[in-house]
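Heads up: the structure comes next, in structure tokens.
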Amino acid sequence: MRKIQEGIYWVGVNDWQLRDFHGLTVNGGSYNSYLVLSDKNILIDTVYEKYAEDFLKNIEEIIPAQNLDYIFLLHSENDHSSSLPHILNYAEKAKILCTKKCAGFIKRLYKIPEEKINIIKDNDVIKLKDFSIKIYETPMVHWPDTTFAFIPEKNILFSTDFLGTQIPAEPLIIENVSNIIEESKDYYTFLMRAYWEQAVKGIDKVVDLSPEIVAPSHGPILKGHAVKEMISYYKKWSLNPETKKVVIAYVSMWKGTEKIAKLLSEGISRENVEVKVIDLANFPFSEAISETLEAGAVLLGSPTFVKGYHPLMNAFLSFLEMIKPGCKMGMAFGTYGWAGIGVKALNEKMKEIGVKILCDPLLINMTPDENEEKAIIEKGREIAKIIKENY
């Protein structure tokens, strides 16, 4: 049994084999569910249906599933709800607690009958013998039905996906985030950054409640200092993530564009500015976009491919647009054989999605010669100086 506090248990499942989560590259993960015991026994969320049997065993190490009174769904996405039909086979008397929006989703997903669902709404209070659970609807803090549940008497907040990290919940409770912060940034960038305005509202709600413990839907439970640290990072990533850092992301077919990328990196490094060079053909996209979140400048390279830029760059630009790059500077670069339209198209697309263009595209025929190599290094130094002046 994994006890968090008196009457509150973690009954989730660690998925040690998980490597891809909606396109987010991970090294294992968890689906967190919590069992709250009082005069009414409440299960908060379920787990991904693949682990329904393990989940049921975890519950029944503490109480028989038939003794569940309520299953409280904070969020209807399948990784939190898809074990619901399996658990209801054993918890026959249990009612489902969820918002109206969530109810619409689970009725569609699982054909849950209306009479099984008790609708809750923002600022409702579930009163139990020993404590109460307060409800806060937080729409689009990832999904439209996202809901926080707070137990003030125990100072614990169940925050669904917010402030979580898709890694195994091992150790279960942490008091600092230093060992998980890179994974947390990847997770935030991929799942939350597109809705940063709503994320700020979620931060404000957590700050207002000031919980000692935050129990998310993925990854370790945060306690004490870890709560404050993660809130600080989420605020930074939401409001002003850019730093004195340059990301050079490129696709190269015959090494010419790759050579430009490395020469730009050399020039930037000579000015003591952090630079990360990413070959998009050999680097997970979720990690590439996470690296880009904190970049003050993003330099994107592609050879001309048919009548434009390479399809891998097109995919990366979709992710870049998703993380709202309006405060980033940028430049397009690349090579061509007989028609230099690819880099020009890349430059126009960067402008279209909000990147502030630093200078004209850097376009090289085939591969840089000796004089061009020197000029590219100098261009890197110039870019680094602009970054130092602006961030």
Side-chain angles (χ1 to χ4, degrees), residues 1-13 30-47 55 58-63 65 67-75 80 91 94-99 102 118 120-138 141 146-165 169-177 180 202-232 234:
M1 294 189 299
R2 308 197 73 177
K3 186 175 180 180
I4 302 168
Q5 286 189 359
E6 191 62 42
I8 301 178
Y9 299 85
W10 181 88
V11 289
V13 176
S30 73
Y31 308 107
N32 296 345
S33 173
Y34 303 95
L35 185 57
V36 177
L37 306 182
S38 185
D39 55 315
K40 299 293 184 183
N41 299 319
I42 301 176
L43 182 68
I44 297 180
D45 285 331
T46 73
V47 304
F55 179 46
N58 290 348
I59 295 167
E60 295 204 321
E61 284 183 10
I62 302 169
I63 62 168
N67 289 354
L68 287 172
D69 296 289
Y70 295 104
I71 301 172
F72 187 178
L73 290 181
L74 301 180
H75 173 31
H80 311 301
K95 294 279 190 177
I96 297 164
L97 297 172
C98 65
T99 63
C102 180
N118 286 4
I120 55 172
K121 60 184 185 302
D122 192 40
N123 292 314
D124 278 356
V125 178
I126 301 167
K127 294 183 179 178
L128 303 172
K129 177 183 177 183
D130 306 306
F131 46 83
S132 59
I133 304 177
K134 294 189 175 182
I135 312 305
Y136 299 99
E137 293 189 59
T138 52
V141 180
T146 298
T147 308
F148 289 174
F150 182 56
I151 301 180
E153 296 87 351
K154 293 180 176 288
N155 208 11
I156 181 169
L157 174 68
F158 301 93
S159 64
T160 189
D161 286 318
F162 198 60
L163 303 179
T165 308
E170 191 63 49
L172 179 62
I173 299 174
I174 61 173
E175 298 194 45
N176 75 74
V177 300
I180 69 167
I203 292 165
D204 290 343
K205 176 55 68 177
V206 178
V207 170
D208 181 55
L209 295 173
S210 191
E212 172 67 14
I213 295 174
V214 169
S217 294
H218 301 292
I221 294 165
L222 309 175
K223 182 177 180 182
H225 186 59
V227 174
K228 295 179 175 64
E229 282 185 299
M230 193 63 81
I231 289 170
S232 176
Y234 263 54

Worked check of side chain to side chain contact (heavy atoms under 4.5 Å, CB included) between Ile156 and Tyr34: CA-CA 12 Å; Ile156 181 169; Tyr34 303 95; over 6 Å; no
Glu153 side-chain N/O to Ser132 backbone N/O, donor-acceptor pair under 3.5 Å: yes
Thr165 side chain near Met230 side chain, heavy-atom distance below 4.5 Å: yes
Atom pair CG/CD1 of Leu97 and Ile42 - distance to nearest 0.5 Å: 6.0 Å
Sidechain-backbone polar pair: Lys154 side chain, Glu6 backbone, donor-acceptor under 3.5 Å: yes
Any donor-acceptor pair under 3.5 Å from Asn41 side chain to Asp69 backbone: no
Minimum heavy-atom distance between Lys129 and Asp39, given as atom pair plus value: N-OD1, 2.6 Å
Pair Tyr234 and Phe162, ring centroids less than 6.0 Å apart: yes
Can you give each donor-acceptor pair under 3.5 Å made by side-chain atoms of residues 207-222, sequence neighbours left out, with the distance rounded to 0.1 Å?
{"from": "Ser217", "atom 1": "OG", "to": "Thr160", "atom 2": "O", "distance (Å)": "3.4"}
{"from": "Ser217", "atom 1": "OG", "to": "Thr160", "atom 2": "OG1", "distance (Å)": "3.4"}
{"from": "His218", "atom 1": "ND1", "to": "Ser30", "atom 2": "O", "distance (Å)": "2.6"}
{"from": "His218", "atom 1": "ND1", "to": "Gln166", "atom 2": "NE2", "distance (Å)": "3.2"}
{"from": "His218", "atom 1": "NE2", "to": "Asp79", "atom 2": "OD2", "distance (Å)": "3.0"}
{"from": "His218", "atom 1": "NE2", "to": "Asp161", "atom 2": "OD1", "distance (Å)": "3.1"}

Salt bridge flag under 4.0 Å for residues Arg2 and Glu170: yes
Distance (rounded to the nearest 0.5 Å) between Glu137 CD and Cys102 SG: 10.0 Å
Sub-4.5 Å side-chain heavy-atom contact between Ile126 and Phe72: yes
Under 3.5 Å donor-acceptor, Glu60 side chain and Ala65 backbone: yes
Asn176 and Glu229, any side-chain heavy atoms less than 4.5 Å apart: yes
Spatial distance of atom CG (Leu73) from atom OG1 (Thr99) [nearest 0.5 Å]: 9.0 Å
Ile135 CD1 to Ile120 CD1 distance, which is reported to the nearest 0.5 Å: 4.0 Å
Spatial distance of atom CD1 (Ile71) from atom CD1 (Ile44) [nearest 0.5 Å]: 12.0 Å
Under 3.5 Å: donor-acceptor pair, side chain of Ser33, backbone of Val11: no
Min side-chain heavy-atom separation Phe150-Asn155 under 4.5 Å: yes
Minimum side-chain heavy-atom gap Phe158-Ile151 below 4.5 Å: yes
Student check: side-chain heavy atoms of Phe148 and Val206 closer than 4.5 Å: yes
Qualifying residues under side chain to side chain contact (heavy atoms under 4.5 Å, CB included), relative to Lys228, sequence neighbours excluded: none
Minimum side-chain heavy-atom gap Ile62-Leu37 below 4.5 Å: yes
Rounded distance (nearest 0.5 Å) linking atom NZ of Lys127 with atom CD1 of Ile133: 13.5 Å
Side-chain (Asn58) to main-chain (Gly12) donor-acceptor, under 3.5 angstrom: yes
Stepwise side chain to side chain contact (heavy atoms under 4.5 Å, CB included) test for Tyr136 and Asn123: CA-CA 6 Å; Tyr136 299 99; Asn123 292 314; 3.8 Å; yes
Heavy-atom pair with the smallest gap, counting every atom of His225 and Glu175: CB-O, 3.5 Å
